[in-house]
Asker: 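Shown below is the structure under consideration.
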Number of protein chains: 2
Amino acid sequence: MTSLPASVSPAGPEAPDGPETPDDPETSGGAAGAAGAPGGAGGGGAGAPGGAAGGQPSSPPGGAEARDGARGAGLPAVWLRFNCRCPLCRDPVSGQRLLRITDIPADISVAGITASSGTVQVLFHPDGHRAVFDQDWLARYGEPGRNPPPDPRTEDAKRLWSAARLGGDPPRGSWPRYLADAGYRRACQSAVLRDGLLVLSEVPADPGAVLEVAASLGYVRETNYGRLFDVRVETSPANLAFTSLPIPPHTDNPYRDPVPTVQLLHCLDNAADGGDSGFVDGFHAAAALRAQDPAAFATLAVTPVTFRYRDAATELSATRPLISLDARGRIREIRVNSRSLEPVRLPGARAAAFYAAYRAFAELLSSPAAMLTVRLRPGDCAVFDNTRVLHARTGFTGGGRRHLQGCYADLDGIESAVAVGERATTDDTRRKDRI
Amino acid sequence: MTSLPASVSPAGPEAPDGPETPDDPETSGGAAGAAGAPGGAGGGGAGAPGGAAGGQPSSPPGGAEARDGARGAGLPAVWLRFNCRCPLCRDPVSGQRLLRITDIPADISVAGITASSGTVQVLFHPDGHRAVFDQDWLARYGEPGRNPPPDPRTEDAKRLWSAARLGGDPPRGSWPRYLADAGYRRACQSAVLRDGLLVLSEVPADPGAVLEVAASLGYVRETNYGRLFDVRVETSPANLAFTSLPIPPHTDNPYRDPVPTVQLLHCLDNAADGGDSGFVDGFHAAAALRAQDPAAFATLAVTPVTFRYRDAATELSATRPLISLDARGRIREIRVNSRSLEPVRLPGARAAAFYAAYRAFAELLSSPAAMLTVRLRPGDCAVFDNTRVLHARTGFTGGGRRHLQGCYADLDGIESAVAVGERATTDDTRRKDRI
């Protein structure tokens with residue numbers, strides 16, 4: 001269990017601030033990890049009093065709308081009824097909803113709305129239920145035209161980068177300070193969410209230390225490679241990671257579903273000639289592909305491809321597009337790994353179009369401008385978003401020693417750690433009322 | 001690490017065979033877990049010899065096609081080149097691809113094709129590379145009109161069910177036999193993939209035994225609830241699971257991303273009046289919704305909704321549709337949990353349409369015909385696909401004892417266990433050549 005601070009300081013990591021202007025103005029959404037919209041700005045949103053709605057039993061599906069006459073938009077009666085926050089509808093201890101959608105009469109309507117001292121009372125027909133809402137809370141949801149907050153997993157909540165935009169250096173943090181300073185720790189965790197990459201220094205170069213870093217971020221995802229895996233040269237490796245060959249940019253375990261969403265690589269020893277690490281922002285490259293060749297981008301987003309891995313004890317496959325979009329069409333996940341990509345099964349012309357699009361994407365991913373090259377030193381631990389940031393390795397001489405230890409974890413644990421840490425720096429009483 | 005058998009017997013579990021005719025003929029795809037198409041049926045597919053293709057450098061993107069004159073379809077030159085299986089292009093030890101798409105000349109074309117004794121040799125231009133393919137292997141990919149095999153995660157690879165179609169009883173297996181008989185174990189694992197549900201009996205009713213069942217299926221997914229969690233009445237529960245209230249059908253942890261894809265619930269004690277378990281096939285209900293109300297189905301598939309969970313040490317949220325489709329539009333994942341569903345952020349009419357669609361889906365999910373009711377007895381362990389099968393609980397009296405232990409795992413581990421187990425029952429040499 002992650003130990004989380006009761007209070008945090010506002011200090012940030014020593015990392016460079018990074019690019020202030022993302023490539024694509026559309027991608028400059030809210031901060032990663034902050035799923036909630038800014039609270040309660042602006043007065044009475046829709047559903048607020050004023051033009052009170054009477055019963056309108058035959059309006060759109062779900063029943064009548066509670067209209068805000070001044071704005072011409074409102075929250076439907078079914079919305080208000082389903083989201084009632086009274087103790088009958090929502091458990092006061094856990095905050096979880098007790099009401100089921102099927103408990104609500106299909107012809108639910110609003111019989112009356114009254115407002116007083118920052119709250120809105122709603123009387124429903126035909127069940128006679130009464131709900132009381134905080135007006136500011138309602139305004140978060142009802143204001144006409146207000147868009148939902150950016151999904152923290154998509155490009156909209158990220159700071160996209162190329163090597164040049166990061167000044168050639170990754171976001172960095174100090175492990176001793178991370179341990180000692182809750183605010184600094186939260187800033188480091190936020191960097192993983194926002195930038196997809198963080199290099200922590202001064203992690204003791206001891207076997208297993210990477211698991212301590214992972215525990216501070218959530219939970220280790222165990223796989224067939226173990227809770228912990230060693231990356232060094234093996235004699236008969238089942239995976240090219242365990243050779244001295246160069247490895248082009250890739251995401252790990254694309255043949256796994258669910259894919260591990262975070263990877264950690266901790267350097268214990270790196271005396272090899274070569275063996276530098278490379279990192280590429282796959283969201284940045286995907287956004288660049290969309291800008292330069294929308295058809296290629298669309299091809300990769302709609303073509304499921306199969307990745308496969310096989311060794312003596314394991315056989316995994318997963319079928320997903322190289323670029324996965326959310327339901328709104330925003331970039332949400334990258335899966336790229338030429339080592340394990342199975343032949344596509346498409347008619348000839350479509351297969352050729354797929355490989356052409358894949359080539360265009362791969363060229364963006366492997367361009368020198370895109371890739372940040374990092375020489376991991378003993379004690380450095382890279383933490384990166386495996387749904388977004390590709391990693392690579394230059395080849396190295398077999399004679400030199402190189403030993404990394406890695407493990408997998410998941411983004412949701414980091415998001416939770418950041419969200420809990422932020423509670424101490426916000427007006428917690430108000431947040432509790434709203435969530 | 002799962003211990004897997006060197007050989008298996010063909011015996012199946014004692015479970016009923018279940019429905020032989022799925023509801024929707026479209027959903028009667030291949031067996032779950034079998035990602036590969038049936039091997040090598042039919043002679044020379046496309047890319048096979050016959051009308052050998054000369055260089056056709058200005059064909060579709062990716063270069064010329066190697067045409068099978070007899071069939072009028074072929075594999076593009078870039079397909080053949082990228083999927084060359086020679087030791088320069090693919091590591092002979094790991095089987096992983098060494099070639100990168102960007103290593104291939106953009107104007108790659110086929111300079112000549114010759115066939116002999118079941119193999120096809122291809123000479124490429126301009127790099128002069130030579131590839132040799134097994135003709136049967138090529139035929140799997142090149143035959144015109146051959147569709148890709150069903151993605152084992154989608155409805156296409158599942159056996160959809162209602163309670164009536166299962167005869168009111170879940171697929172069942174015996175834990176002692178599961179341990180003793182590798183073929184039986186594999187059949188049980190396959191039932192989880194195919195039906196989304198299995199009840200194993202005679203698991204020792206000892207604390208922690210559920211972790212042994214999970215270990216036989218892959219790896220435990222640790223969460224804020226621990227590696228193992230107890231489901232029994234608590235005094236101040238943060239989650240309604242730990243009360244005696246009835247719980248409507250839901251998937252677990254919808255606020256987590258990646259969501260745990262498998263859940264296990266092991267009954268240690270159930271002397272309460274009530275407290276029966278219910279299981280509903282969410283894919284079946286989603287397919288029924290698609291048939292009866294395509295607009296409602298589409299609304300749920302394209303509307304991302306946010307689920308949120310919060311307690312003293314944890315704050316999780318995830319934004320996904322209730323019904324997730326794959327890139328081909330097939331049902332791939334269900335997320336339903338009224339307890340943690342946040343208010344939707346949509347304009348009024350669209351919000352009303354969403355809740356109407358959600359109501360229609362919830363009515364299908366909670367219909368008595370859909371839900372399988374199971375009284376878990378001490379020693380029973382239910383294993384179910386948490387991306388598909390919803391679970392529920394009837395209320396029970398606080399006085400009676402009821403104690404379950406649960407944990408999470410992932411489908412990819414089960415798929416791997418089945419695939420490795422199946423090796424012993426197939427022509428392994430041929431499979432190795434192909435994978």
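Each chain gets a letter, A, B and so on, in the order its sequence line appears, and its residues count up from 1. Only a predicted model underlies this, so the values are computations on that prediction, with no experimental measurement involved.
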Asker: Nearest 0.5 Å, what's the OG-OH distance between Ser416(A) and Tyr255(B)?
Answerer: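 If we round to the nearest 0.5 Å, Ser416(A):OG and Tyr255(B):OH are 10.5 Å apart.
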
Asker: Any non-hydrogen side-chain atom of Arg345(B) less than 4.5 Å from a side-chain atom of Pro149(A)?
Answerer: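 Touching, per the 4.5 Å side-chain cut-off.
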
Asker: State, to 0.1 Å, how close Pro76(B) and Gly348(A) come at their nearest heavy-atom pair, and which atoms those are.
Answerer: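 Minimum heavy-atom separation between Pro76(B) and Gly348(A): CG-O, 3.1 Å.
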
Asker: Ignoring hydrogens and geometry, is there a side-chain-to-backbone donor-acceptor pair from Arg97(A) to Glu342(B) under 3.5 Å?
Answerer: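 Flag not set: sc Arg97(A) to bb Glu342(B) has no pair under 3.5 Å.
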
Asker: Between Glu222(A) and Arg221(B), is there a salt bridge with N-O shorter than 4.0 Å?
Answerer: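 No, no charged N to carboxylate O under 4.0 Å.
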
Asker: So which of Ala357(A), Ser366(A), Ala312(A), Ala301(A) has the biggest tally of heavy-atom pairs under 4.5 Å with chain B?
Answerer: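 Answer, by heavy-atom pair count under 4.5 Å with chain B: Ala312(A).
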
Asker: Any idea which of Leu98(B), Val344(B), Thr154(B), Val302(B) has the most non-hydrogen atom pairs under 4.5 angstrom with chain A?
Answerer: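 Ranked by heavy-atom pairs under 4.5 Å with chain A, first place is Val344(B).
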
Asker: For the candidates Asp311(A), Thr303(A), Ile247(A), which exhibits the highest count of non-hydrogen atom pairs separated by less than 4.5 Å from chain B?
Answerer: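 With the most close heavy-atom pairs to chain B, the winner is Asp311(A).
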
Asker: Who pairs with Asp257(B) by salt bridge (charged side-chain N to carboxylate O under 4.0 Å, His left out), at least two apart in sequence or on another chain?
Answerer: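 Result, salt bridge (charged side-chain N to carboxylate O under 4.0 Å, His left out) vs Asp257(B): Arg153(A), Arg332(A), Arg320(B).
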
Asker: Between Leu341(A), Leu325(A), Val220(A), Asp326(A), which shows the greatest number of heavy-atom pairs under 4.5 Å with chain B?
Answerer: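 Highest number of pairs under 4.5 Å: Leu341(A).
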
Asker: Who are the salt bridge (charged side-chain N to carboxylate O under 4.0 Å, His left out) partners of Arg350(A), not counting sequence neighbours?
Answerer: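 Counting only residues at least two positions away or on another chain, Arg350(A) forms no salt bridge (charged side-chain N to carboxylate O under 4.0 Å, His left out).
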
Asker: Indicate yes or no: at least one non-hydrogen side-chain atom of Pro304(A) is less than 4.5 angstrom from one of Asp151(B).
Answerer: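 Pro304(A) does not reach Asp151(B) side chain to side chain.
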
Asker: Check whether any side-chain heavy atom of Pro258(A) lies under 4.5 Å from a side-chain heavy atom of Val259(B), and answer yes or no.
Answerer: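 Counting from C-beta outward, Pro258(A) and Val259(B) never come under 4.5 Å.
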
Asker: Is the shortest heavy-atom distance from the side chain of Glu415(B) to the side chain of Glu315(A) under 4.5 Å?
Answerer: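 Result no, sub-4.5 Å side-chain heavy-atom pair not found.
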
Asker: State, with a plain yes or no, whether a side-chain heavy atom of Tyr355(A) is found less than 4.5 Å away from one of Arg81(B).
Answerer: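 Heavy-atom side-chain distance check fails, nothing below 4.5 Å.
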
Asker: Say you draw a straight line from CG of Asp412(B) to CG of Asn253(A); how long is it, rounded to the nearest 0.5 Å?
Answerer: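 Atom-to-atom, Asp412(B):CG and Asn253(A):CG are 8.5 Å apart.
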
Asker: Would a 4.5 Å heavy-atom cut-off, applied to side chains only, mark Arg423(A) and Arg310(B) as touching?
Answerer: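 With C-beta onward as the side chain, the pair touches.
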
Asker: Would you compute the distance between atom CG of Leu365(A) and atom CD1 of Ile101(B) and round it to the nearest 0.5 angstrom?
Answerer: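 Rounded to the nearest 0.5 Å, the CG-CD1 separation comes to 12.5 Å.
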
Asker: Counting only heavy atoms closer than 4.5 Å, note whether Tyr358(A) contacts chain B via side chain, backbone, both or neither.
Answerer: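 For Tyr358(A), heavy atoms of backbone and side chain both lie under 4.5 Å from chain B.
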
Asker: Name the region of Ile104(A), side chain, backbone, both or neither, that has any atom closer than 4.5 Å to a heavy atom of chain B.
Answerer: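 Looking at Ile104(A), backbone and side chain both touch chain B.
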
Asker: Please round to the nearest 0.5 Å and tell me the distance separating atom CD of Gln96(B) and atom OG of Ser340(A).
Answerer: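 Here the rounded value is 6.5 Å.
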
Asker: Where on Thr261(A) is there a heavy atom nearer than 4.5 Å to chain B: the side chain, the backbone, both, or neither?
Answerer: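 Side chain only.
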
Asker: How long is the straight-line distance from OH of Tyr408(B) back to OH of Tyr219(A), given to the nearest 0.5 Å?
Answerer: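 Reported value, rounded in 0.5 Å steps: 12.0 Å.
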
Asker: Sort Tyr309(B) into side chain, backbone, both or neither according to what part of it lies under 4.5 angstrom from a heavy atom of chain A.
Answerer: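 For Tyr309(B), the contact with chain A is made by the side chain alone.
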
Asker: Look at Pro343(A), Ala362(A), Ser338(A) and state which one has the largest set of heavy-atom pairs under 4.5 Å with chain B.
Answerer: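 Maximum pair count with chain B is reached by Pro343(A).
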
